[in-house]
Amino acid sequence: MELKQLQYFMAICEELHFTRAAEKMGVSAPNISQQIRRLEEELGVLLFDRVGKTIVLTEAGAILHQHGTAVFGHLQQASDAIADLKQMQGGSLSIGVLPGDADLMFNALLLNFHQTYPTISLSLLETMKVTEQVLDRSIDVGVTIGPVIDERLTSIPLFHEEFSLAVSMKDPLATENFVPLNRLHALKMVMFPPDHQCRKLIDRFCMDNGFTLQPHIVTTTLSSLLQMVQSGVGTCVLPRLLLDNLHHTDIKVVHLRNPTPSQDICLIYRSDRYVGYAMRTFIKTLRTYIETAINHAKSS
């Protein structure tokens, strides 16, 4: 079996059409058909069932496709490893996060990371399709809501994120240690728009408890939310880890109870990809950053 024959076979598996596969590989249809016939003769089995113009994998074809995927996955890992070595501890990394998380979690991290590792190029993309884009390789790693269960992905738990109420120090609520979630219904709220990930979570918890939030003001930026809370315009629900590390003296963080809105955050990447220097360094830095933020919040 030649590698070129296996490439032709995999192209046909993707297209399920000999002519389109031939065009994709830059060869003629008779050529690719001849190579598949030779491969079938060598293996002594049919790899495709041909029904008119439609083709489907046989059982033997499915087995070869599974192992072919592994072969080319290993070849890509080898190529990535060599490229990583040639770059001498440089490289690039694309990171996908849910909309809003760039502001909430990554701004300070990216600045510190660039200062510490200036030879590594990072690109940050906000997307609602973190898992899908990691799978199709359009991004290298993703930070998303867990758990993510897919044998094609490696998932690393990062932290359990709880949400709290941010209020002005002049607000009467600032004297309370906690408020029940259903009390939000009666408060003057400033919130992210309904399509923001944080807002979606809070809306879901509120609906599960029998009410719908009607914010007084909606804005897309974290800075404007915090400014309105400081000014006493309204209260806002945000991740507690974020609030505890902002150190705004004009804002009091009040626990939400019965229930406490929360979610699990994890990092994902394809299990078959080579984990090079850039990715290893970013994952290590991210975990240290989160651990430090959590410990700082506990001690404050």
Side-chain angles (χ1 to χ4, degrees), residues 94-110 122-136 138-150 153 155 158-167 179 181-231 233-243 245-246 248 251 253-254 256 259-269 286 290:
S94 56
I95 307 148
V97 300
L98 294 168
D101 281 356
D103 285 338
L104 300 181
M105 183 188 303
F106 283 92
N107 282 346
L109 169 66
L110 292 183
L122 294 182
S123 60
L124 187 68
L125 171 70
E126 289 193 326
T127 172
M128 289 298 296
K129 298 182 178 180
V130 172
T131 301
E132 294 89 337
Q133 291 191 247
V134 170
L135 284 171
D136 69 19
S138 56
I139 55 177
D140 298 316
V141 298
V143 177
T144 188
I145 299 170
V148 176
I149 302 173
D150 189 315
L153 296 171
S155 178
L158 293 177
F159 63 100
H160 181 71
E161 181 174 58
E162 293 188 350
F163 287 72
S164 294
L165 188 66
V167 304
V179 297
L181 182 72
N182 60 14
R183 193 169 171 185
L184 297 184
H185 184 54
L187 298 181
K188 193 174 181 181
M189 303 291 298
V190 293
M191 296 289 290
F192 285 120
D195 60 347
H196 191 285
Q197 194 60 38
C198 288
R199 174 70 182 278
K200 285 182 177 181
L201 175 81
I202 303 308
D203 282 349
R204 187 172 72 250
F205 269 82
C206 291
M207 290 179 66
D208 288 346
N209 283 269
F211 68 97
T212 301
L213 278 185
Q214 299 293 336
H216 181 65
I217 295 177
V218 170
T219 179
T220 59
T221 64
L222 175 64
S223 59
S224 58
L225 281 179
L226 294 172
Q227 185 175 1
M228 283 187 282
V229 171
Q230 285 177 296
S231 302
V233 173
T235 64
C236 182
V237 179
L238 289 168
R240 183 171 185 87
L241 186 61
L242 168 75
L243 292 170
N245 281 275
L246 285 177
H248 280 294
I251 292 178
V253 180
V254 182
L256 287 171
T260 301
S262 64
Q263 61 189 5
D264 292 310
I265 303 297
C266 66
L267 180 142
I268 58 174
Y269 59 88
L286 175 60
I290 291 172

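Annotation: side chain of Gln197 is not in contact with side chain of Leu201 (no heavy-atom distance under 4.5 Å). You'll find the side chain of Met189 reaches within 4.5 Å of the side chain of Val237, heavy atoms only. Contact of the Ile202 side chain with the Leu213 side chain is registered, since non-hydrogen atoms from C-beta on lie closer than 4.5 Å. Residues Ser94 and Leu125 are not in side-chain contact: their nearest non-hydrogen atoms beyond the backbone lie 4.5 Å or more apart. Contact of the Gln263 side chain with the Phe163 side chain is registered, since non-hydrogen atoms from C-beta on lie closer than 4.5 Å. The side-chain heavy atoms of Val130 and Val143, taken from C-beta on, include no pair separated by under 4.5 Å.
Between the side chain of Ser155 and the main chain of Ile268, no donor-acceptor pair closer than 3.5 Å is present. Judged purely by atom type and a 3.5 angstrom limit, Arg199 uses its side chain to pair as donor or acceptor with the backbone of Phe192. For the pair Ser231 (side chain) and Val233 (backbone), a donor-acceptor distance under 3.5 Å is absent. Side-chain atoms of Ser138 come within 3.5 Å of backbone N or O of Gln133 as a donor-acceptor pair.
To the nearest 0.5 angstrom, Lys129 atom NZ is 12.0 Å from Ile139 atom CD1. In this structure, the separation between CD on Gln227 and NE2 on His248 is 10.0 Å, given to the nearest 0.5 Å. Summarising the geometry, atom CG belonging to Leu110 is positioned 10.0 Å from atom OG belonging to Ser123; distances are rounded to the nearest 0.5 Å. To the nearest 0.5 Å, atoms OG1 (Thr235) and CD1 (Ile251) are separated by 11.0 Å. Note that CG of Leu226 is 7.0 Å distant from CG of Leu242, once rounded to the nearest 0.5 Å. Atom CD1 of Ile149 is separated from atom SG of Cys266 by 10.0 Å, given to the nearest 0.5 angstrom.
Shown here for His160 and Asp264, the closest heavy-atom pair between the two residues is ND1-OD1, 2.7 Å. Taking every heavy atom of both residues into account, Ser164 and Leu243 meet most closely at O-CD1, 4.1 Å. What you find for Asp195 and Lys200 is that their closest heavy atoms are O-CE, 3.6 Å. Residues Leu98 and Glu126 share a closest heavy-atom pair of O-OE2, 4.1 Å. Nearest heavy atoms, Thr219 versus Ser224: OG1-OG, 2.7 Å. Nearest heavy-atom pair across Val254 and Arg240 is C-NH1, 4.5 Å.
With 3.5 Å as the limit, one finds no donor-acceptor pair spanning the side chains of Thr260 and Glu162.
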Is there a side chain to side chain contact (heavy atoms under 4.5 Å, CB included) between Ser262 and Glu161? Walk through the geometry before answering. CA-CA 5 Å; Ser262 64; Glu161 181 174 58; over 6 Å; no
Pair Leu135-Asp150, side chain to side chain contact (heavy atoms under 4.5 Å, CB included): steps then yes or no: CA-CA 10 Å; Leu135 284 171; Asp150 189 315; 4.0 Å; yes
Can you check side chain to side chain contact (heavy atoms under 4.5 Å, CB included) on Leu256 and Leu184, steps first, answer last? CA-CA 9 Å; Leu256 287 171; Leu184 297 184; 4.0 Å; yes
For Ile290 and Ile265, what are the C-alpha separation, side-chain angles and deciding distance, and is it a side chain to side chain contact (heavy atoms under 4.5 Å, CB included)? CA-CA 11 Å; Ile290 291 172; Ile265 303 297; over 6 Å; no
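Among Asp140, Leu153, Val141, the single residue meeting the side-chain contact (heavy atoms from CB on, under 4.5 Å) criterion with Tyr269 is Val141. Checking each of Leu165, Leu238, Val190 against Val229 for a side-chain contact (heavy atoms from CB on, under 4.5 Å) leaves exactly one that passes, namely Val190.
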